[in-house]
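Here the structure is a predicted model, which means the values were calculated and not measured.
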Amino acid sequence: MLGLALGDAFGAPYEGGILERALWSMLGTSNGKRRWTDDTQMTIDVIESLLACRCVDQNDLAHRFARSYRWSRGYGPGAAKVLKRIRRGEAWESAAVAVFPQGSFGNGGAMRAPAVGLFFAENSDADIARATRDVAAITHAHPLASEGAALIALATALACSGADNNEMLHRLSQCAESREYLDRLTKARAWLEEGEVVAPRQVAAELGNGIAAIESCVTAVYAALAFRNYSFDALLEFTVSLRGDVDTIAAMASAIWGADRGADQLPRERLEQLERRDDLERLAGSLAEAVGFREGR
Ligand code: AR6
Ligand code: MG
């Protein structure tokens, strides 16, 4: 969870084109701390809802998402409209398909999925996928958005259990349903087996670096696994050089990396610059306690 917030806050200044960067140079700091974006805010909402309800309660989640919405956190335009409709009293089921008839295929469902993977880490792969799809559906009903979210949640849960790259890619491929995701997972697996980290430009061209879930989820999994044995800063540098939707790719990759390596491997200087770090650590602690994570796991 802390990895996700760091990837988000330190990836955000590099997201998008010249206009987005100029805007974030004004919004990106508060009282000298690095602000995080919608990725971390929605992750907080998911964890608070899971802790309060002890299960996925879509109505509770929808209201938390809508209450927390602030334009200055950089929400995607479709997600912003959905959340404003829910805030005005519309049911999430109709709001979710009001902007795009099939729902959004953006990566906004996947960016909050690590929280679901952590909460349900002890459950079966199918149960993790089901819970994640339910959490994604509120703003991201499109099949490619929910499939990407399930893959990110499962990768985070598997990272907690110490699965190796081979096992992870095997289980993720079993969970995948579409040819689009399967082909990308097969490519990522081949690259990981070769051993050398692939150049960011090639990763962006072949796995993607965009705001669509299909263009970012396998990219994040690849980055997290390729940098398992490197520092957090090396992972961050790589995700920044992918360009495109840097904050969300960095958030998802850093969540998986953090679940694998543990909080004590995160750079202290960056944590000290993070907005509301104490609140995040407290929430992470409550989550760990609720799911019974033990020291050394
Ligand atoms: N049909 C056409 N275009 C679509 C569709 C669709 N079904 N779904 C998405 N798009 P959105 P997000 C396009 O707005 O996924 C933030 O920085 C459309 O242009 O649901 O929550 C986050 O941190 C739409 O506006 O946002 C993420 O990094 C866009 O995809 C990123 O933005 C994004 O979908 C995406 O967040
Ligand atoms: Mg964001």
Side-chain angles (χ1 to χ4, degrees), residues 1-8 11 39-40 43 46-47 50 107 109-129 131-132 135 147-176 181 184-185 188-189 191-193 197 203 207 213 216-236 238-239 248-267 271 280 283-285 287-288 290-297:
M1 188 190 156
L2 291 168
L4 184 141
L6 280 187
D8 178 14
D39 308 53
T40 304
T43 297
V46 171
I47 293 175
L50 289 170
N107 54 20
M111 72 194 185
R112 59 187 189 247
V116 191
L118 293 174
F119 190 83
F120 292 103
E122 306 281 321
N123 293 60
S124 70
D125 295 2
D127 285 346
I128 293 171
T132 310
V135 171
E147 187 172 349
L151 292 175
I152 293 293
L154 186 55
T156 312
L158 289 168
C160 288
S161 71
D164 63 21
N165 287 356
N166 213 19
E167 163 94 7
M168 277 226 207
L169 266 304
H170 173 68
R171 304 255 293 266
L172 292 175
S173 299
Q174 281 187 323
C175 170
Y181 277 103
R184 283 174 167 82
L185 287 167
R189 187 178 195 163
W191 284 346
L192 289 164
E193 274 166 9
V197 177
V203 175
L207 299 183
S216 47
C217 292
V218 181
T219 310
V221 170
Y222 171 73
L225 300 188
F227 281 85
R228 274 186 112 151
N229 299 319
Y230 295 86
S231 69
F232 178 85
D233 279 7
L235 170 67
L236 186 65
F238 181 79
T239 50
T248 294
I249 295 173
M252 298 188 293
S254 304
I256 299 165
W257 189 97
D260 178 41
R261 296 283 298 271
D264 60 359
Q265 295 294 307
L266 295 171
L271 281 171
L280 290 172
L283 192 58
L287 174 65
V291 299
F293 278 151
R294 290 175 299 276
E295 193 104 17
R297 281 212 47 218

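Side-chain contact between Cys175 and Leu154: present, with at least one pair of heavy atoms (C-beta onward) separated by less than 4.5 Å. With contacts defined as side-chain heavy-atom distances shorter than 4.5 Å, the pair Leu283/Leu287 does not qualify. Counting heavy atoms from C-beta on, the side chains of Val218 and Tyr181 come closer than 4.5 Å. Side-chain contact between Val291 and Leu118: absent, with no pair of heavy atoms (C-beta onward) separated by less than 4.5 Å. In this structure, the side chains of Tyr222 and Val197 come closer than 4.5 Å at one or more pairs of heavy atoms. Side-chain contact between Thr43 and Pro114 is absent, with no heavy-atom pair separated by less than 4.5 Å. Proximity of Ile47 to Leu50: side-chain heavy atoms (C-beta onward) are nowhere separated by under 4.5 Å. Side-chain contact check for Leu185 versus Leu151: some heavy-atom pair is nearer than 4.5 Å.
Taking all atoms of both residues into account, the shortest heavy-atom contact from Thr156 to Ala255 is CG2-O, 4.3 Å. Across all their heavy atoms, Ala223 and Ala253 have their closest contact at CB-CB, 4.1 Å. Across all non-hydrogen atoms, the minimal contact from Ile128 to Gly117 is CG2-CA, 4.4 Å. Shortest non-hydrogen contact noted between Gly3 and Ser254 is O-CB, 3.1 Å. Taking all atoms of both residues into account, the shortest heavy-atom contact from Met252 to Ala220 is CB-CB, 3.7 Å.
In terms of the side-chain hydrogen bond (donor to acceptor under 3.5 Å, both in side chains) criterion, Thr132 has no residue partners (sequence neighbours excluded). Checked against side-chain hydrogen bond (donor to acceptor under 3.5 Å, both in side chains), Thr219 has no partners two or more places apart in sequence or in another chain.
A donor-acceptor pair under 3.5 Å is absent between the side-chain atoms of Arg261 and the main chain of Ser231, judged by distance alone. The backbone N or O of Val135 lies less than 3.5 Å from a partner atom in the side chain of Arg112, making a donor-acceptor pair. Remark: the backbone N or O of Thr40 is paired with a side-chain donor or acceptor of Asp8 at under 3.5 angstrom. Here the side chain of Trp257 pairs a donor or acceptor atom with the backbone of Phe227 at under 3.5 angstrom.
Interatomic distance, Leu6 CG to Leu236 CG, rounded to the nearest 0.5 Å: 8.5 Å. A distance of 6.5 Å separates CG in Leu169 from CG in Leu225, rounded to the nearest 0.5 Å. Atom CG of Leu172 sits about 15.0 Å away from atom CZ of Arg184, to the nearest 0.5 Å. A distance of 6.0 Å separates CG of Leu266 from CZ of Phe232, quoted to the nearest 0.5 Å. In this structure, CG in Leu4 is found 9.5 Å from CG in Leu280, a value given to the nearest 0.5 Å. Taking CG of Asn166 as the start and CD of Glu193 as the end, the distance is 6.0 Å to the nearest 0.5 Å.
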Q | Residue pair Phe119, Val46: steps toward the side-chain contact (heavy atoms from CB on, under 4.5 Å) verdict | A | CA-CA 10 Å; Phe119 190 83; Val46 171; over 6 Å; no

Q: Verify side-chain contact (heavy atoms from CB on, under 4.5 Å) between Ile152 and Val221, making sure each step is shown before the conclusion.
A: CA-CA 7 Å; Ile152 293 293; Val221 170; 4.0 Å; yes

